Participant: 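Quick one: the structure is below, questions incoming.
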Amino acid sequence: MSAKKILITGGAGFIGSHVVRLFVNKYPDYEIVNLDKLTYAGNLENLRDIENKVNYRFIKGDIVDASAMLKLFADEQFDGVIHLAAESHVDRSLENPNEFVMTNIIGTVNLLQAALKTWNNDSSKRFYHISTDEVYGSVEDGSLFTEHTPIDPQSPYSSSKAGSDHFVKAFHNSYKLPVLISRCSNNYGANHFPEKLIPLMINNILENKPLPVYGKGENVRDWLYVEDHASAIDAIFHKGKTGEVYNIGGNNEWKNIDLVNFLCSLMDKKLERPEGTSAKLITYVKDRPGHDLRYAIDSSKLQNDLGWSPSLVFEVGLEKTVDWYLNNKEWLSNVTSGQYKDYYTQMYSKR
Ligand code: NAD
Ligand code: DAU
């Protein structure tokens, strides 16, 4: 494809910042425009190393603002869109589903409309929507989500993501908008806001706070290193077939309690203290309502058709992640205090 000017939404967030960095560094001829509202989860500190590159630009904006999105698309004439902006945390969606409907559904439809109105049926454009494996709901032991698994979301978050997926497909079916969708499993790595399992546990270990494990800790998630997700997005954006859905996963299933125990022993090693010290902080707490038991994903279509595969084994990726947090305590303290403190303490106090 010949895309040169690319809009990345949500580029100041966890995954978005890794995608922006990859594209800015790998494609010096492209113009990368990062549009982000900078909610509690968006943080320009995540992009300090590339913010002065000539092929990068940041625009603060809200995808829920339909007229602003239309004007942006008309002014900029993007060749492609990689849409990551979203409210992303399941626990928050249980507290405030409306915000998820606004950003994840209405915001996505606003971008689709803006692309439709300004792209004039140009089939060389690409509207790439970043979805999640959570739209499939929970899967039984022994089975995997494929791209043909029926959509069956269970939480307000996954329902809002499923709603946006349906709209993206509908714009392809109804108006021939050239779209791509990918559905990825749980990411981990640097710049992950400490409301999600792995960074929350790292932060609480460092602060000697309880490690809240929901229910019995038997829920299973498939974990993928965030830079591997970014490289999959690169492959799909450039080589994927429009109208298609691609699953992305790490072939790396962990029960939550096993993962937390493994992380505890890694932290004990890194902090040079007796094995078992961090695990003493594990505290079983009330389960997440409607908690999906197991996510497990078959990403063979992506691997076979586009030649992508994960680059890191989990043990190596988790150690890199822990090292990043230990070397970036200032980042951690900034996002759990100052302007982000209300959001952080609000979530934490609910446990
Ligand atoms: P995140 O919460 O870290 O980042 C989301 C970003 O979107 C933030 O920078 C935020 O400021 C921005 N944003 C939120 N509302 C906005 C709005 N109205 N207008 C403009 N910007 C807005 O999320 P993440 O974990 O990086 O996830 C990114 C995308 O990937 C999401 O679409 C999510 O559903 C999807 N996804 C995440 C995972 C995961 O494990 N984290 C896995 C699969 C898919
Ligand atoms: O599968 C992809 C999804 O992964 C993404 O679409 C979401 O944006 C992302 O947040 C993530 O959703 P999860 O709900 O799986 O992630 P989270 O880190 O919140 O929780 C992982 C598991 O750990 C889940 O079973 C709930 C459990 N958990 C989580 C937290 C925050 C705990 O036991 N204790 C906790 O404190």
Side-chain angles (χ1 to χ4, degrees), residues 8-20 34-44 46-47 59-65 68-69 82-94 99-100 102-104 106-108 110-111 129-136 138 145 153 155 157-158 160-161 164-165 182-189 191-201 204 210-224 226 229 233 248-249 254-257 259-260 282-288 291-297 347-348 350-351:
I8 299 182
T9 71
F14 166 48
I15 301 169
S17 59
H18 291 275
V19 176
V20 167
N34 170 15
L35 175 99
D36 199 296
K37 183 181 171 185
L38 299 182
T39 68
Y40 77 95
N43 184 350
L44 291 176
N46 297 347
L47 293 162
I59 297 176
K60 186 170 178 190
D62 185 348
I63 60 170
V64 177
D65 184 341
M69 290 307 105
I82 304 178
H83 172 39
L84 294 112
E87 286 295 333
S88 66
H89 191 35
V90 174
D91 293 334
R92 287 187 198 277
S93 79
L94 292 159
E99 213 171 328
F100 286 69
M102 292 310 290
T103 288
N104 298 0
I106 307 288
T108 301
N110 288 342
L111 295 173
H129 174 65
I130 307 301
S131 184
T132 167
D133 64 355
E134 294 201 14
V135 299
Y136 297 121
S138 192
F145 299 132
S155 74
Y157 162 70
S158 53
S160 68
K161 291 295 290 186
S164 56
D165 277 32
S182 61
R183 300 186 178 132
C184 188
S185 60
N186 286 60
N187 286 212
Y188 69 97
N191 301 127
H192 206 182
F193 194 83
E195 63 186 353
K196 310 277 168 59
L197 182 73
I198 290 179
L200 181 131
M201 295 295 167
N204 285 16
L211 308 180
V213 172
Y214 298 167
K216 294 180 180 160
E218 282 174 355
N219 304 66
V220 174
R221 296 291 182 267
D222 170 74
W223 293 92
L224 179 70
V226 64
H229 189 186
I233 289 172
I248 310 173
W254 285 77
K255 262 189 193 168
N256 290 340
I257 187 61
L259 192 161
V260 172
I282 292 175
T283 309
Y284 291 93
V285 299
K286 201 164 138 269
D287 208 354
R288 174 185 277 175
H291 197 172
D292 286 333
L293 186 57
R294 176 170 173 262
Y295 301 148
I297 197 148
M347 283 312 296
Y348 195 77
K350 292 209 172 90
R351 296 182 202 294

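Remember, it's 1-based here, ligands and their atoms both numbered in the order they're listed. Note: hydrogens, waters and symmetry copies are ignored here, and every other heavy atom, side chains too, is used. Bear in mind that the values here come from a model prediction, so they are computed numbers and not experimental data.
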Participant: Does A12 have a heavy atom less than 4.0 Å from any atom of ligand 1?
Facilitator: yes
Participant: Is the shortest distance from a heavy atom of S17 to ligand 1 less than 4.0 Å?
Facilitator: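 No heavy atom of S17 comes that close to ligand 1.
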Participant: Nearest non-hydrogen contact with atom 24 (P) of ligand 1 belongs to which option: I15, D133, N187?
Facilitator: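 Looking at heavy atoms only, the winner is I15.
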Participant: Please work out which of F193, Y214, Y295 has its closest non-hydrogen atom nearest to atom 29 (C) of ligand 2.
Facilitator: Y214
Participant: F14 and F193: aromatic ring centres closer than 6.0 Å?
Facilitator: no
Participant: Examine the side chains of D292 and Y136 and answer whether a donor and an acceptor come within less than 3.5 Å of each other.
Facilitator: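 No donor-acceptor contact under 3.5 Å links the two side chains.
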Participant: Which of the numbered atoms in ligand 2 are under 4.0 angstrom from any heavy atom belonging to K196?
Facilitator: 10 (O), 18 (O)
Participant: Does the residue K161 have a heavy-atom contact with ligand 2, meaning some pair of atoms that are separated by less than 4.0 Å?
Facilitator: no
Participant: Do any nitrogen or oxygen atoms of D133 lie less than 3.5 angstrom from nitrogen or oxygen atoms of ligand 2?
Facilitator: yes
Participant: Could you work out, for atom 36 (O) of ligand 2, the closest of A86, P212, G13 by heavy-atom distance?
Facilitator: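 Nearest heavy atom to atom 36 (O) of ligand 2 lies in P212.
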Participant: Short list, please: which atoms of ligand 2 are under 4.0 Å from a heavy atom of N219?
Facilitator: 25 (O)
Participant: Would you say the side chains of T108 and H129 form a donor-acceptor pair under 3.5 Å?
Facilitator: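 Note: T108 and H129 side chains miss the donor-acceptor criterion.
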Participant: Not counting sequence neighbours, which residues clear side chain to side chain donor-acceptor pair (under 3.5 Å) with S93? List them please.
Facilitator: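 S93 satisfies side chain to side chain donor-acceptor pair (under 3.5 Å) with no residue once adjacent residues are dropped.
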Participant: What atoms of ligand 2 come closer than 4.0 angstrom to any heavy atom of L200?
Facilitator: 36 (O)
Participant: Just go through K216, E195, E134 and tell me whose heavy atom is the nearest to atom 13 (P) of ligand 2.
Facilitator: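 Looking at heavy atoms only, the winner is E134.
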Participant: If the condition is salt bridge (charged side-chain N to carboxylate O under 4.0 Å, His left out), which residues does D62 pass it with, not counting sequence neighbours?
Facilitator: K37
Participant: Is S185 near ligand 1, meaning one of its heavy atoms is under 4.0 Å from it?
Facilitator: yes
